[in-house]
Amino acid sequence: MSKKLTTRSENYSKWYNELVVMADLAENSSVRGCMVIKPYGYAIWEKIQQELDSKFKETGHYNAYFPLFVPKSLFEAEEKNAEGFAKECAVVTHYRLKNDEENPGKLVVDQDSKLEEELIVRPTSEAIIWRTYKNWIQSYRDLPILLNQWANVVRWEMRTRLFLRTAEFLWQEGHTAHATKKEALEETKLIIDLYANFVENFMGIAVLSGLKSDSEKFAGAEETYCIESLMQDGKALQAGTSHFLGQNFAKAFDVKFADKDGKLDHVWATSWGVSTRLMGALIMSHGDDNGLVLPPKLAPYQVVIIPIFKSESELSDISDYVNPLIDEIRKNGITVKYDNRLNHKPGFKFNEHEVKGVPIRIAVGPRDLKEKSLEIFRRDKMQKKVLKFSDAMSEISFLIDDIQNELLNASKKHMDDNTSTAKSYDEFKEMIETGGFVLAHWDGTVETENKIKQDTKATIRCIPFDKKNPGKCIVTGKSSECQVFFAKSY
RNA sequence: CGGGAUGUGGCGCAGCCCGGUUAGCGCACACGGCUGGGGGCCGUGGGGUCGCAGGUUCAAAUCCUGUCAUCCCGACCA
C-alpha cells in the first residue's frame with residue numbers, strides 16, 4: 001500500500017471541512033458522534049439520492065415515510081433483529097419537561113410524564129414497517145409491495161467515526177413484500193446489482209459483491225448480500241447491503257396473504273440500504289493530498305471558471321468573453337460555476353476548488369483575451385494546459401467522461417493490485433498484514449472464521465455468488481466449496 | 001464498556017511537569033495601503049477566563065477529585 005489516505009489521515013480537516021463537521025452543539029452535550037453536513041457535502045448527498053431514486057423508480061419502487069419512533073413491543077417482535085440492535089438503541093421514556101424549582105431558568109424531566117411504553121428511536125425500520133404491512137396485505141393481489149424510505153436512523157454505537165459510523169446517519173432503506181421466495185430472492189439480487197452498478201458507474205468506486213457469512217449477516221435476515229470496496233489504506237468498507245428476510249418478519253408480525261387457491265401463507269420479505277457512509281467511501285477512494293476528488297457525475301458543479309482580473313472593468317471584459325462558453329456548457333448538460341467573487345484572489349479560488357474536488361477548472365485572464373485562449377485543469381490528475389478558446393467545449397465534454405472513467409479504472413486497478421490468493425495459512429497471515437483482499441478457501445464453519453479473526457483481525461468480507469472452485473480450507477484442510485474474500489475492514 | 005491520550009478566541013496549537021505580572025502564537029476576521037496567471041505583502045485593530053463542577057491554596061489554565069465530550073487501540077457495528 002503506497003498511500004495511507006483514510007478518514008483518520010493527517011489531512012483530516014482538509015478532507016472533510018468542506019463537507020461536514022462533527023456536531024459540537026452544547027457544553028456537556030451528549031449529542032455524541034453526530035455530524036453536521038455542510039451545504040457542499042449535502043449537495044453531494046443529494047446527487048446520490050437523485051440517482052438512486054431514479055433507479056429505484058425504474059425498477060418499480062416508490063418512496064414512502066414511516067415514523068421515527070418504534071414502540072418497544074413492536075421492536076422486540078422479531079427476536080433476532082431486536083437482539084442484534086438492543087445494545088445500541090436510544091430510548092424515549094418521557095414526553096415533557098418542566099421548570100426546575102431548585103434551579104430557576106433550568107428545566108428538568110417531568111416525572112409525571114413517563115410513558116406507559118418506551119419508544120425506541122429507529123435503528124432501522126423493519127418493525128414499524130412490517131406492523132404497517134400487516135394491515136395492507138390480505139391477498140396475493142396486494143403484492144408485491146416495493147417501498148423505499150429516505151430517513152435518518154440512530155444507532156448508539158460505542159465508538160463513532162466520522163462518516164463511517166456516526167450515531168445518527170442518513171440513509172435509504174427499502175422494504176419489500178412478496179408472494180414467493182423466488183421473487184424475494186430476485187429482488188434481493190436486483191438491488192445488490194443496482195447498488196454495485198451505481199457505486200461503480202456513478203461514484204467511480206470498484207466493488208466486489210457477494211454473500212455475507214452467517215456471522216456477518218443482518219440481524220433477522222436469512223441471507224445478506226453486500227458490496228465491498230477497498231480503501232486506499234488497504235482496508236475494506238461495506239458500501240451497501242441487501243437482505244433476504246425470508247418469512248421472519250411476516251411471522252413476527254403475523255402478515256399472511258391468500259394465494260390464488262385461497263391458501264394462507266406468510267409473506268416473503270427483503271430490505272436493503274445505503275447510507276452517508278458512501279460519502280466516506282468516496283473520500284477515502286478518490287481523495288489525495290490536495291483534498292477531495294469528485295467524479296463528474298457526483299460533483300455539485302462539474303466545471304468552475306475563474307476569471308483573473310485587476311479591475312472590475314477587466315472582469316467585465318472577461319465575463320463578456322466567457323459568457324458564450326458558459327451558455328454552451330450548460331446547453332450540453334454540464335453544470336458550471338462562474339466564480340467571479342471580488343473578495344477572493346485567483347490563487348485562493350484555485351485552491352478552494354481543488355480541496356472541494358471540482359473535476360474541471362478553467363482560468364481566464366487578460367492574456368487569454370488577447371490570444372483567444374484559456375487554461376483548463378483536470379483535478380484527478382492535477383494537469384493543466386492552455387487551449388484555443390474554440391476548442392474548449394469539446395475538451396470539457398471529453399474530460400467529463402474521461403475523468404469519470406479514469407477514476408473507476410484507477411479504483412479497479414487498486415483493487416486488482418491489492419487482491420491476492422493465499423494457498424496456506426502462513427501466506428494468508430502475511431497477505432492480510434500487507435492489506436487488501438485475500439482470497440482463500442474456507443471450510444464454511446463459524447469456528448474457523450472466528451479463529452482467523454482472532455489470529456489476524458481479518459473477516460470474511462464476501463462469498464462469491466457462484467461457488468465454483470472447490471478446494472481445501474487453508475486452516476483446517478477440510479473441503480471448501482469456493483474461495484472467499486477476506487480483509488481487515490472498517 | 002476496558003486501556004491510552006486530549007479539551008486554552010472561529011480553526012490549529014504553545015503554556016501545565018516545577019501554581020505567581022495584563023494567558024501567548026499561527027491561520028482566519030475588521031480597517032488602510034501596496035498588490036493581483038497558484039492559498040499575496042506591510043501596518044493597525046477586535047475577539048478567549050483556559051470543557052464543566054467541586055476541592056487544595058494567600059494565589060489555579062497549571063495540583064487533586066468527579067463529570068462530559070472528542071480522538072486512538074480493543075470489544076461491537078452500515
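Naming: A, B, ... by sequence-line order, numbering from 1 per chain. These figures come from a predicted structure and were not determined experimentally.
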request  = Measure the distance from CE on Met382(A) to P on rG38(B) and round it to the nearest whole Å.
outcome  = 13 Å
request  = Using heavy atoms to find the nearest nucleotide of RNA chain B for Arg461(A) and Glu375(A) separately, return the residue whose nucleotide is more 5′.
outcome  = Glu375(A)
request  = Provide the distance between the two C1' atoms, one in rC50(B) and one in rC13(B), to the nearest whole Å.
outcome  = 13 Å
ask   = Between the main-chain N or O of Phe486(A) and the side-chain N or O of Arg461(A), is there a donor-acceptor pair closer than 3.5 Å?
value = no
inquiry  = Is the terminal nitrogen or CZ of Arg131(A) (NZ for Lys, CZ for Arg) located under 6.0 angstrom from the six-membered ring centre of Phe253(A) and within 45° of that ring's axis?
reply    = no
request  = Would you mind checking if Lys356(A) and Glu352(A) are paired as a salt bridge, meaning a charged N to carboxylate O distance below 4.0 Å?
outcome  = yes
ask   = Rounding to a whole Å, what distance do you find between Trp156(A):CH2 and rA78(B):C1'?
value = 17 Å
key: Side-chain donor/acceptor of His175(A) to backbone N/O of Ile145(A), under 3.5 Å   = no
query = Mind checking the P distance from rG10(B) to rU6(B)? Whole angstroms is fine.
reply = 22 Å
key: Side chain of Gln238(A) - closest among rG39(B), rA78(B), rG37(B)   = rA78(B)
ask   = For the side chain of Phe348(A), counting heavy atoms from C-beta on, which of rG37(B), rG39(B), rA78(B) is nearest?
value = rG39(B)
Charged tip of Lys87(A) within 45° of Phe85(A) ring normal and under 6.0 Å = no
query = Is RNA chain B part of any stem, that is, at least 3 consecutive Watson-Crick or G-U pairs with both distances under 3.5 Å, and where?
reply = B:1-7 with B:68-74, B:10-13 with B:24-27, B:29-34 with B:40-45, B:51-55 with B:63-67
query = Phe85(A) near the nucleic acid: base, sugar-phosphate alone, or nothing, with a heavy-atom cut-off under 4.0 Å?
reply = nothing
request  = Nearest whole angstrom, please: distance from the P of rG37(B) to the NZ of Lys349(A).
outcome  = 12 Å
note = When Phe465(A), Trp272(A), Phe218(A) are each screened for ring pair (Phe, Tyr, Trp, His ring centres under 6.0 Å) with Tyr225(A), the one that passes is Phe465(A)
request  = Sequence neighbours left out, what passes salt bridge (Lys or Arg N to Asp or Glu O under 4.0 Å) with Lys55(A)? Give chain and number order.
outcome  = none
I'd like a list of close polar pairs between nucleotides 31-36 of chain B and the protein, N/O only, cut-off under 3.5 Å.
from	atom 1	to	atom 2	distance (Å)
rG36(B)	O6	Lys310(A)	O	3.3

query = Rounded to whole angstroms, how far apart are CG on Asn351(A) and P on rC27(B)?
reply = 16 Å
Same-atom distance (P) from rG46(B) to rG24(B), integer angstrom = 13 Å
request  = Quick one, give me the B/S/- string for nucleotides 2-7 of chain B, reading 5' to 3', where B means a protein heavy atom under 4.0 Å from the base and S means that only happens at the primed atoms, P, OP1 or OP2.
outcome  = ------
I'd like a list of close polar pairs between nucleotides 74-76 of chain B and the protein, N/O only, cut-off under 3.5 Å.
from	atom 1	to	atom 2	distance (Å)
rG74(B)	OP1	Lys457(A)	NZ	3.0
rC76(B)	OP2	Lys453(A)	NZ	3.4

remark   = Asn343(A) CG to rG39(B) P, in whole Å, measures 17 Å
rG74(B) to rU62(B) separation - P atoms, rounded to the nearest Å = 33 Å
ask   = Rounded to the Å, how far apart are Tyr195(A) OH and rA78(B) P?
value = 14 Å
query = Are the side chain of Glu200(A) and the backbone of Ala196(A) linked by a donor-acceptor contact shorter than 3.5 Å?
reply = no
Polar side-chain contact Glu354(A)-rG39(B) base: donor and acceptor under 3.5 Å = no
Rounded distance in Å between the C1' positions of rG47(B) and rG38(B) = 31 Å
query = Cut-off 3.5 Å, side chains only: do Arg379(A) and Asn290(A) have a donor facing an acceptor?
reply = no
task = Mark yes or no for whether Glu223(A), through its side chain, and Ser213(A), through its backbone, hold a donor-acceptor pair below 3.5 Å.
result = no
query = Do His61(A) and Glu187(A) have a side chain donor and acceptor closer than 3.5 Å?
reply = yes
Distance, C1' atom - from rA53(B) to rC68(B), rounded to whole angstrom = 10 Å
query = Rounding to a whole Å, what distance do you find between Glu371(A):CD and rG37(B):P?
reply = 16 Å
query = Looking at residues at least two apart in the chain, or sitting in another chain, which of them share a ring pair (Phe, Tyr, Trp, His ring centres under 6.0 Å) with Phe350(A)?
reply = none
message = Please tell me whether Thr176(A) and Thr270(A) have a donor and an acceptor in their side chains that are separated by less than 3.5 angstrom.
response = yes
message = If the test is side chain to side chain contact (heavy atoms under 4.5 Å, CB included), which one of Ile128(A), Thr124(A), Ile129(A) qualifies with Glu126(A)?
response = Thr124(A)
key: Nearest-Å distance once atom P is located in both rU44(B) and rC27(B)   = 14 Å
query = What does Phe218(A) touch in the nucleic acid at a heavy-atom separation under 4.0 angstrom: a base, only the sugar-phosphate, or nothing?
reply = nothing
inquiry  = Between Lys388(A) (side chain only) and Lys372(A) (backbone N and O only), is there a donor and an acceptor less than 3.5 Å apart?
reply    = no
Exam field: side chain Asn197(A) to backbone Asp193(A), donor-acceptor pair closer than 3.5 Å = no
task = Starting from the 5' end of RNA chain B, give me the residue, Ala239(A) or Gly347(A), whose nearest nucleotide shows up first.
result = Gly347(A)
request  = Starting from C1' on rG39(B), measure out to CZ on Arg361(A) and report it in whole angstrom.
outcome  = 12 Å
ask   = Considering only the P atoms, how many Å lie between rA59(B) and rG48(B), rounded to the nearest integer?
value = 26 Å
task = Assign Ser275(A) to base, sugar-phosphate, or nothing according to its heavy-atom contacts below 4.0 angstrom with the strands shown.
result = base
